[in-house]
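I have placed the structure first, in the form of structure tokens, so that the comments after it can refer back to it.
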Amino acid sequence: MYWMDMHDAEISETMRSFGAPAYRSKQVSEWLKKGVRPSDMSNLPKSLREQMESIPFGGATIFRKYVSSRDGTVKYLFALEDDNIVEGVLMRYSYGNTVCLSTQIGCNMGCKFCASTLNGCVRNLRPGEMLSFLSEIEKDEPPADGKKRTVTNIVLMGSGEPMDNYDNVVTFLKRVTAPDGPNISARNISISTCGIVPKIYRFMEDAPHVTLSISLHAPNNEIRGALMPINKAYPIEQVLAAAKAYADRTGRRVVFEYALVGETNDSHADAIALAARLRGMLCHVNLIPLNPVEERGLKGVSREHAYEFCEWLNKEHISATVRREMGTDIDGACGQLRRRVLHELNG
């Protein structure tokens, strides 16, 4: 058990075991929701804080920080208590600040264009660790201009497959949206999955106000299967059926992530085929010019070609945009920075 993973009833029981009065439980709970460690809980007696140190905190600290000179994007490497490191990104927009958080250390999904999966999945991240990433960013980048918080939006699109860490992710979502916690609106949160179909159906019941993003990356099973091993278990027809069910059930449009890979899925014919697949669904396509991963040998495309592909979709009456480039000078893509730093640390 870790402090950052405890819910209120567990905190109360632990405080009782320490012989502390009942009102201390509320104080501890308030501190933990801010990611504060027992040693810094200033309204608790020193003796109680020392008792609390017998239980691991279960949070993270900022290991390294990189700031883009181009757009102010901040890439964080967080150090965990078992000496693992994992990434997070703070991105600044006109409407607020979005944090991209990881849900696993590494990934088992094996997508051919992604650095996160090159060494598999080390382990799942716990709810308290994910909350700790958020609180560490808030401490590092305090809110300005009288605002309550720095982070207004969250995307679970960092390293890992959220649906492969389903229970921990859903617990995190409940805690991060709680009125007595960070209180971030569920409508300001997006979750990205490669398409684990049974979990999508569960998710529409467990978190119907969260935006669902699906890594599609192809208009057919042949291309998708070559890029994404998950397609063998859940072919594109099943993924799109689940996406439509989600949109129909929640009334929220599904976002399809589509990484444009040169000479693979980026032709005019691919755009027409994709449009035919998506027509009639409440959805949006987010086009991503591939950020090449050296070990993968896949080609990227120019932003000019990405805009051309976008225009092809728009002419077919499919809502689409090209994702804004952010943090390209600081290994902005998922898994790249962690992988580079691990190579440095391990010689």
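Formation of a donor-acceptor pair under 3.5 Å by the H305 side chain with backbone atoms of D266 is found in this model. Of the possible donor and acceptor atoms, none in the side chain of S132 sits under 3.5 Å from a partner among the backbone N and O of G128. Checking side-chain atoms of T152 against main-chain N and O of N97 turns up a donor-acceptor pair under 3.5 Å. Panel note: side chain E10, backbone H7; a donor-acceptor pair is recorded below 3.5 Å. Between the E81 side chain and the G58 main chain, a donor and an acceptor come within less than 3.5 Å of each other. Side-chain atoms of T264 come within 3.5 Å of backbone N or O of G262 as a donor-acceptor pair. Side chain of R277 to main chain of P219: a donor-acceptor pair is present (N/O by atom type, distance under 3.5 Å, no hydrogens or angles). Remark: the backbone N or O of C107 is paired with a side-chain donor or acceptor of T117 at under 3.5 angstrom. Proximity of a side-chain donor or acceptor of S192 to a complementary backbone N or O of I214 within less than 3.5 Å is not detected. A donor-acceptor contact shorter than 3.5 Å links the side chain of N314 to the backbone of I318.
From M52, atom CE reaches atom CD1 of I11 across 8.0 Å, with rounding to the nearest 0.5 Å. Put simply, SG on C310 and CG on L313 are 6.5 Å apart, with the number rounded to the nearest 0.5 Å. Here I223 contributes atom CD1 and L216 contributes atom CG; the two are 10.5 Å apart, rounded to the nearest 0.5 Å. Atoms CG and SG, on L118 and C111 in that order, are 11.0 Å from each other to the nearest 0.5 Å. Within the model, atoms CG of N43 and CD of Q27 stand 4.0 Å from one another, a figure rounded to the nearest 0.5 Å. Annotation: the span from L290 atom CG to K112 atom NZ amounts to 14.0 Å, rounded to 0.5 Å.
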Applying side-chain contact (heavy atoms from CB on, under 4.5 Å) to W31 and S42, what does each step give before you reach the verdict? CA-CA 9 Å; W31 283 119; S42 56; 3.6 Å; yes
When you look at N188 and S185, which way does the side-chain contact (heavy atoms from CB on, under 4.5 Å) test go after all the steps? CA-CA 5 Å; N188 289 351; S185 170; 4.1 Å; yes
Do T103 and M157 pass the side-chain contact (heavy atoms from CB on, under 4.5 Å) test, and can you show the C-alpha distance, the side-chain angles, and the key distance before you say yes or no? CA-CA 8 Å; T103 56; M157 296 182 185; over 6 Å; no
Stepwise, does the side-chain contact (heavy atoms from CB on, under 4.5 Å) test hold for V86 with F133? CA-CA 10 Å; V86 70; F133 302 155; 3.3 Å; yes
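Annotation: side chain of S54 is in contact with side chain of F18 (closest heavy-atom distance under 4.5 Å). Side-chain atoms of Y258 and L274, non-hydrogen and from C-beta on, do get closer than 4.5 Å to each other. You'll find the side chain of I196 reaches within 4.5 Å of the side chain of Y234, heavy atoms only. Taking the side chain as every heavy atom from C-beta outward, L125 and S102 approach each other to under 4.5 Å. For the pair V301 and E263, the minimum side-chain heavy-atom distance is 4.5 Å or more. I272 places none of its side-chain heavy atoms less than 4.5 Å from the side chain of W312. Under the 4.5 Å side-chain criterion, counting only non-hydrogen atoms from C-beta, I184 is in contact with L134. Two residues are said to be in side-chain contact when any heavy atoms from C-beta on lie closer than 4.5 Å; R49 and V28 fail this criterion.
Q104 pairs by the side chain to side chain donor-acceptor pair (under 3.5 Å) definition with N124, D164, not counting sequence neighbours. Shown here are the side chain to side chain donor-acceptor pair (under 3.5 Å) partners of K244, two or more places apart in sequence or in another chain: D248.
In this structure, M130 is a member of the same hydrophobic cluster as M6, with clusters built from ILVMFWY side-chain heavy atoms closer than 4.5 Å. Linking ILVMFWY residues whenever their side-chain heavy atoms come closer than 4.5 Å, directly or via other members, places L32 and V151 in the same cluster.
Within a 6.0 Å radius of CD in E222, no more than 12 heavy atoms belonging to other residues, nucleotides or ligands are found. With a 6.0 Å radius and a threshold of 12 heavy atoms from other residues, nucleotides or ligands, H268 has its NE2 atom above the threshold.
Between H284 and F256, the gap from one ring centroid to the other reaches at least 6.0 Å. Two rings, from Y201 and Y246, have their centers 6.0 Å or more apart. Taking the six-membered ring for Trp, Y76 and F78 have ring centres closer than 6.0 Å.
No side-chain donor from either of T171 and N168 sits under 3.5 Å from a side-chain acceptor of the other. Side chains of K139 and S135: no donor on one and acceptor on the other come within 3.5 Å. Residues S68 and T73 have side chains that never bring a donor and an acceptor to within less than 3.5 angstrom of each other. There is a side-chain donor-acceptor pair under 3.5 Å between N221 and E237.
Taking every heavy atom of both residues into account, N220 and I236 meet most closely at N-CD1, 3.9 Å. Here the shortest heavy-atom pairing between L173 and V210 reads CD1-CG2, 4.4 Å. Here the closest heavy-atom approach between residue L156 and residue V169 is recorded as CD1-CG1, 3.8 Å. The two residues N183 and T177 make their nearest non-hydrogen contact at OD1-O, 3.7 Å. Across P38 and F57, no two heavy atoms sit closer than the pair CD-CD1, 3.7 Å. Between L80 and A60 the shortest heavy-atom distance is CD2-CB, 3.8 Å.
Put simply, the residue from T211, L282, L212 that forms a side-chain contact (heavy atoms from CB on, under 4.5 Å) with R253 is L282. No option in E141, E87, E136 other than E141 meets the salt bridge (Lys or Arg N to Asp or Glu O under 4.0 Å) test with K65.
Looking at E308 and R303, no side-chain N of the basic residue comes within less than 4.0 Å of a carboxylate O on the acidic one, giving no salt bridge. Salt bridge annotation for R70-E325: absent, with no cationic side-chain nitrogen under 4.0 angstrom from a carboxylate oxygen. Checked for salt-bridge contact, D71 and R92 miss the test: no charged N lies under 4.0 Å from a carboxylate O. Looking at E53 and R37, no side-chain N of the basic residue comes within less than 4.0 Å of a carboxylate O on the acidic one, giving no salt bridge. Classification of K174 and D206 as a salt-bridged pair fails, no side-chain N sitting under 4.0 Å from a carboxylate O. Under a 4.0 Å N-O distance rule, the pair E138/R149 does not qualify as a salt bridge. Between K34 and D40 no salt bridge is recorded (no basic side-chain N to carboxylate O distance below 4.0 Å).
Listed by first and then second residue, the salt bridge (charged side-chain N to carboxylate O under 4.0 Å, His left out) pairs involving residues 18-28 are K26-E30 (not counting sequence neighbours).
A cation-pi geometry, defined here as NZ or CZ lying under 6.0 Å from the six-membered ring centre and within 45° of its normal, holds between R126 and Y2.
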